[in-house]
Every structure is written in structure tokens, then in C-alpha cells.
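A note on names: the letters A, B, ... follow the listed sequences, proteins ahead of strands, and every chain is numbered from 1.
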Number of protein chains: 2
Amino acid sequence: MGLSSRSAVAIHALTMLARWGDHSLTSAEIADSLASNPVLVRRILGSLRDAGLVWSTEGRGGGWSLARAPREITLYDAYTAVEAGPILSRHAHPPSDACAVGRHMQALLEAEFRDAERAMEERLGRTTIAHLLRQVLARERELALQNR
Amino acid sequence: MGLSSRSAVAIHALTMLARWGDHSLTSAEIADSLASNPVLVRRILGSLRDAGLVWSTEGRGGGWSLARAPREITLYDAYTAVEAGPILSRHAHPPSDACAVGRHMQALLEAEFRDAERAMEERLGRTTIAHLLRQVLARERELALQNR
DNA sequence: ATCTACTGCCACTGTCATAGTTACAGTTAG
DNA sequence: CTAACTGTAACTATGACAGTGGCAGTAGAT
């Protein structure tokens with residue numbers, strides 16, 4: 001493993017909200033689809049709300065809805081909303097300053113790792129929730145045909 | 001944070017081995033530069049050896065050396081030698097099969113995440129240890145000039 | 001007014017990966 | 001035989017994470 005599964009949860013939830021776009025979903029409904037927990041869902045959707053991707057209403061009949069069109073939300077948006085630190089982690093301690101190599105490795109690695117992370121983020125930014133939803137619907141149609 | 005710092009340690013060690021290419025280094029020497037522990041270094045260099053990037057000799061006077069030219073070792077080589085699983089982790093549990101979205105999300109995310117990870121790996125594959133070493137030496141020359 | 005169904009949030013648990021450390025057996029040069 | 005290494009297993013401490021229960025706040029339904 002590496003990172004948390006929060007990105008997966010976030011993208012899953014966003015796609016569900018896009019699928020049932022006309023009405024809001026509760027954290028319990030989303031948790032059911034994830035085979036997970038409403039509190040967990042609320043925590044992650046809370047981050048998405050802070051990032052302006054969704055909004056929520058309290059009280060009876062409340063729930064969650066998208067704050068933007070699905071085609072205006074990329075996987076990168078979801079990813080950066082819920083994931084904190086860098087992917088490729090740096091030295092646990094700063095290396096020794098007495099070593100000619102150690103003196104510079106931190107700065108060099110920082111540059112290399114940032115570039116590599118940016119490449120990944122750039123790729124995530126190319127896929128939108130709308131794109132994912134389209135694939136989900138296509139797969140559902142296929143299933144419907146097979147079960148006829 | 002995200003992943004382990006093993007990649008950083010591996011790249012650091014490889015660069016040191018390239019810098020002092022004529023003779024081998026002990027795990028204690030490398031650990032000193034990392035401000036870390038010889039056992040940790042041996043564990044990580046062990047993975048690099050399994051991947052064919054370095055070799056080691058036991059007994060007195062033993063130590064570690066590169067098994068290839070520095071320009072033939074990329075950061076991706078080091079990364080995949082020491083890092084096990086995927087970066088972007090998937091759902092903790094498989095989602096509910098009863099949900100039209102949940103049924104398909106795992107496969108779709110798998111494809112998206114693999115593409116994103118590949119983009120990162122591709123970027124890491126573009127930088128070699130030789131490139132890093134060149135930068136270290138350049139920075140050392142600068143320092144030498146300033147301290148004159 | 002009260003009930004019901006939500007969000008929001010805190011505190012806690014169990015689990016797991018990792019960094020770090022100690023210990024010791026095996027290997028090799030002096 | 002001794003000193004200096006590698007190789008490896010066992011252990012600890014730390015921290016991130018998923019998951020859970022509890023409870024205050026909010027708002028529609030009756």
C-alpha cells in the first residue's frame with residue numbers, strides 16, 4: 001500500500017452524486033455503496049466541501065450534492081482535496097551535512113520528486129467525474145443487455 | 001506523508017556509491033551520511049542487490065558497489081526495487097455490488113490510478129544517478145568557490 | 001411542541017506499515 | 001584468532017488509518 005484510500009472514496013462519492021444529480025444523497029446511502037461507515041463518508045465529503053466541490057444541508061431531508069457540473073470536477077480536484085502531504089516521501093531525517101553527497105541530496109530529490117508527482121497529478125487532472133459517470137452508465141447498459 | 005522514505009534512502013545511497021565509485025562503501029558509512037542506521041541501509045541495499053543494481057562483499061573490508069554504470073540506473077529503477085505496492089491505494093473494501101455505481105468503480109479507478117502512477121514512474125525513469133551525481137558535483141564546486 | 005432524520009464533530013479502538021535498535025550467526029582479510 | 005564487515009531475525013515505538021459510538025445542533029414533518 002501507499003496512500004490512504006480517501007481519494008478512492010472521494011471519487012466514488014462524487015460519481016454517485018453525479019449519477020443521482022437531481023436529488024441529494026445522505027452519508028448513509030453513500031456509505032452503503034462503499035460498504036463503509038457514514039462518519040467516514042462525512043469526514044471525506046467534509047474535505048470536498050471545504051474545497052468547493054460539494055455542499056451539504058443539515059437536518060431532516062438533508063444530504064450532499066455536487067457544487068459544480070461533473071465535467072468541471074477532475075480526479076485531481078478530488079485527490080488534492082482529501083490528500084494532505086506529498087506522495088513520494090523524503091528523507092525521514094535531514095542527511096548529514098558533513099557528507100558531500102548528503103549536503104545536496106535533499107534539495108535534488110525534492111525537485112525530482114515534485115516533478116514526478118506533478119506528472120501524476122497532471123494525469124489525474126485529465127479525467128473528470130463526467131467521464132467516469134459515462135463509463136459507469138455504459139457498463140450498466142452492457143449488463144442490462146446480457147441479462148435480457 | 002504517503003509512501004515510505006525507502007526510495008529516498010536508495011537514491012541517496014546509489015549516488016554515494018557513484019561518487020566514490022572506485023572503492024566500496026560500508027553500510028555504516030552510508031548510514032552516517034543518512035544520519036540513520038546501518039541495518040536499515042543494509043535492508044534497503046539488499047533490495048537493490050536483488051534488483052541487480054548493486055552488489056556486496058561480506059567479511060572484513062567488504063561493502064557495497066554499483067553493479068551498473070550510474071547512467072544506466074534511473075530513479076525509477078531504485079523506486080521499484082524498494083517500493084512494493086501501488087501508490088494511490090484503492091478501496092479498502094470492495095464496494096457494494098448492489099449499487100449501480102459501486103459495481104463498476106473499482107475497475108474504473110484501477111485503470112485511472114494505474115495510468116496516473118505510470119505517468120509518475122515514466123518521469124522518474126528520465127533521471128539517472130549519473131545526472132544526480134553531476135548536480136551534486138556542480139553544487140560542491142559552487143560551495144568551494146564561495147568559501148575561497 | 002415534538003418527533004424524526006439528518007449533519008458535524010469528538011474521542012476512542014484495533015490494525016498495520018515503518019523507522020529504528022539490539023542481538024547474533026556467518027564470512028573474510030590481516 | 002581477531003577485527004570488520006554482511007545478513008537476518010526479533011523487538012519496540014510511533015504514527016496513520018479505517019472504523020465505531022456518542023452526542024449536540026439543525027430542520028422538515030406531524
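- Nearer to the 5' terminus of DNA chain C, by closest-nucleotide assignment, is the contact made by A:Gly62 (compared with the other of A:Gly62 and A:Val39).
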CA sep, side-chain torsions, deciding dist, call: A:Arg90, B:Ser5, side-chain hydrogen bond (donor to acceptor under 3.5 Å, both in side chains): CA-CA 6 Å; A:Arg90 281 59 170 167; B:Ser5 72; over 6 Å; no
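- Using modelled atom types and a 3.5 Å distance limit, the side chains of A:Glu140 and B:His104 yield a donor-acceptor pair.
- When rounded to the nearest whole Å, the span between CG of A:Leu40 and C1' of D:dA16 equals 13 Å.
- Between the CD1 atom of B:Ile44 and the P atom of D:dT8 there is a distance of 15 Å, rounded to whole Å.
- For the 3.5 Å distance criterion, the side chains of B:Arg42 and B:Ser27 qualify, holding a donor opposite an acceptor.
- For the pair A:His93 NE2 and C:dG20 C1', the interatomic distance rounds to 8 Å; values are reported in whole Å.
- Atom CG of A:Asn37 is separated from atom P of C:dT7 by 12 Å (rounded to the nearest Å).
- Here A:Gly46 lies out of heavy-atom contact (under 4.0 Å) with every strand.
- Look at CZ on B:Arg43: it is 13 Å from P on D:dG7, rounded to the nearest Å.
- Atom OG1 in A:Thr74 sits 3.5 Å away from atom CG in A:Asp77 (nearest 0.5 Å).
- Contact check, A:Ser5 against D:dA18: a side-chain N or O comes under 4.0 Å of OP1 or OP2.
- Remark: P of D:dT8 and CG of B:Leu45 are 13 Å apart, rounded to the nearest angstrom.
- Between A:Asp50 atom CG and C:dT7 atom P the separation is 16 Å, expressed in whole Å.
- Between the side chain of B:Asn147 and the backbone N or O of B:Ala144, no donor-acceptor pair lies under 3.5 Å.
- For the OP1/OP2 pair of C:dC6 and a distance below 4.0 Å, the side-chain nitrogens and oxygens of A:Thr26 include no atom meeting the criterion.
- Proximity note for A:Ser56 (side chain, C-beta onward) versus C:dC6, D:dG7, C:dG8: the nearest is C:dG8.
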Sugar-phosphate or base contact per nucleotide [nucleotides 23-30 of chain D; S, B, -; heavy atom under 4.0 Å]: ---BBBS-
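- Proximity of B:Ser36 to the phosphate of C:dG20: a side-chain N or O atom is located under 4.0 Å from OP1 or OP2.
- As a whole-Å value, the separation of B:Asp32 CG from C:dG20 C1' is 15 Å.
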For residues 58-69 of chain B, run the donor-acceptor check on the side chains, cut-off 3.5 Å, and write out each pair with its distance to 0.1 Å, sequence neighbours left out.
{"residue": "B:Arg68", "atom": "NH1", "partner": "B:Glu72", "partner atom": "O", "Å": "2.9"}

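- In this structure, A:Glu117 contributes its side chain and B:Met120 its backbone to no donor-acceptor pair below 3.5 Å.
- Residue-to-nucleotide contacts include no donor-acceptor pair under 3.5 Å from the side chain of A:Arg49 to the base of C:dG8.
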